[in-house]
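Inspection log for the structure reproduced underneath, given as structure tokens.
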Number of protein chains: 2
Amino acid sequence: MKNRADSMLADLKRAGLKLTPQRIAIVREIADDLTHPTAQALFERLRTTFPTMSFATVYNTLDALAGCGLMGKLALGPDSRAVRFDPNTEVHHHAVCDGCGSVVDIPVETDEPAVLPLAATLKGFRVLREERTYRGLCDRCSRS
Amino acid sequence: MKNRADSMLADLKRAGLKLTPQRIAIVREIADDLTHPTAQALFERLRTTFPTMSFATVYNTLDALAGCGLMGKLALGPDSRAVRFDPNTEVHHHAVCDGCGSVVDIPVETDEPAVLPLAATLKGFRVLREERTYRGLCDRCSRS
DNA sequence: TTGCAACTTGGAATCGTTCTTACTAAAGTG
DNA sequence: CACTTTAGTAAGAACGATTCCAAGTTGCAA
């Protein structure tokens with residue numbers, strides 16, 4: 001495998017989607033981005049090198065990626081209402097800084113109970129997935 | 001203590017806020033509501049018995065309650081964009097049904113590590129709070 | 001190379017929420 | 001009890017994020 005962007009593009013194609021210049025640009029922009037950007041942020045960045053890029057295309061492509069399981073969509077709190085996109089498809093959690101709003105991935109420790117015994121049942125509720133958000137202060141914000 | 005609504009009203013007053021008829025109506029409407037309603041849903045319900053009620057007042061009151069720690073605000077997923085309000089101030093988690101979108105409270109089991117050793121440190125991140133969302137299918141949806 | 005379903009664009013529409021303005025009611029002051 | 005200050009409300013405009021739409025364009029299978 002070459003890199004994350006190329007592998008995502010290959011998967012997109014495999015799913016029957018066309019590899020347009022716009023999609024290629026979008027995928028390259030986010031594939032290795034660990035900051036969990038919003039669609040708006042991506043759009044701004046893309047517009048500098050791809051001036052005709054439209055909002056709808058950014059959203060469409062990100063949703064297509066999400067639909068293929070190549071991208072996560074995050075709603076990280078009632079205050080930051082914009083959806084954030086996460087190219088990390090490993091099982092993991094998130095830490096959100098109350099100070100600056102930054103988001104970092106938290107890998108699942110190998111010694112903890114694998115996020116959840118999948119399809120466990122909780123009060124008549126069939127649990128398929130568990131999401132955790134740790135809130136607090138990032139290194140930088142807890143100093144200042 | 002009489003009931004949840006009265007105790008919330010007392011706390012509101014103690015916080016220096018006036019007990020207006022609007023606030024009393026809003027608090028009574030949500031105090032014992034376990035469905036995590038949106039501001040819109042509450043507004044619709046209130047409007048039937050309090051026709052002059054305005055959106056701004058609903059939001060103001062819910063935010064005031066949240067500011068006093070009497071109400072939680074939830075962003076439960078990228079698909080349901082509306083903020084949901086939760087009068088349950090106990091430490092607990094949430095289970096969200098992929099089918100119907102319903103939300104139920106999940107109490108923290110006494111045998112699990114108290115949500116998190118408070119202020120634990122994670123990769124240089126000072127953790128103050130942990131939120132968990134279990135996703136899957138509710139009893140009703142997993143049958144049909 | 002061609003044909004067409006899939007795609008892109010730009011702007012309008014929508015949704016949930018916040019803001020603004022003017023009005024009203026309550027609480028403090030003398 | 002009049003007077004002032006302050007807090008709260010109503011209605012709708014404004015806002016930010018996202019989705020929809022109509023019209024034009026293009027990747028790619030055959």
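Below, read A as the first sequence line, B as the second, and so on, with proteins coming before strands; counting in each chain starts at 1.
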Exercise. Closest to the A:Arg81 side chain: D:dA10, C:dT18, D:dT18?
Worked result: C:dT18
Problem set entry | C:dT8 OP1/OP2 closer than 4.0 Å to side-chain N/O of A:Thr20 | yes
Exercise. Would you say the side chain of A:Asp105 lies within less than 4.5 Å of the side chain of A:His94, judging by non-hydrogen atoms?
Worked result: yes
For this session: Could you pick out which residue, B:Val83 or B:Lys13, lies toward the 5' side of DNA chain C when each is mapped onto its nearest nucleotide?
Result: B:Val83
Exercise. If you look at every strand shown and take non-hydrogen atoms under 4.0 Å, does A:Thr52 touch a base, only sugar-phosphate, or nothing?
Worked result: sugar-phosphate
For this session: Check whether any side-chain nitrogen or oxygen of B:Gln22 sits under 4.0 Å from OP1 or OP2 of D:dA10, and answer yes or no.
Result: yes
Seminar exercise, completed: Tracing side-chain contacts under 4.5 Å among Ile, Leu, Val, Met, Phe, Trp and Tyr outward from A:Val27 reaches A:Met8, A:Leu9, A:Leu12, A:Leu17, A:Leu19, A:Ile24, A:Ile26, A:Ile30, A:Leu42, A:Phe43, A:Leu46, A:Phe50, A:Met53, A:Phe55, A:Val58, A:Tyr59, A:Leu62, A:Leu65, A:Leu70, A:Met71, A:Val83, A:Phe85
Exercise. Is A:Ala82 touching bases, backbone alone, or none of the nucleic acid, heavy atoms closer than 4.0 Å?
Worked result: sugar-phosphate
For this session: Classify the nucleic acid contact of A:Pro21 as base, sugar-phosphate or nothing, counting any heavy atom under 4.0 Å across all strands shown.
Result: sugar-phosphate
For this session: Consider the side chain of B:Leu17, meaning its heavy atoms from C-beta on, and name the nucleotide among D:dG8, C:dG16, D:dA11 that approaches it most closely.
Result: D:dG8
Exercise. For C:dT18, does either OP1 or OP2 sit under 4.0 Å from a side-chain N or O belonging to B:Tyr59?
Worked result: no
Exercise. More 5' along DNA chain D: A:Arg84 or A:Lys18, using each one's nearest nucleotide?
Worked result: A:Arg84
For this session: Would you mind telling me which residue lines up with the more 5' stretch of DNA chain D, B:Arg23 or B:Phe55, judged by nearest nucleotide?
Result: B:Arg23
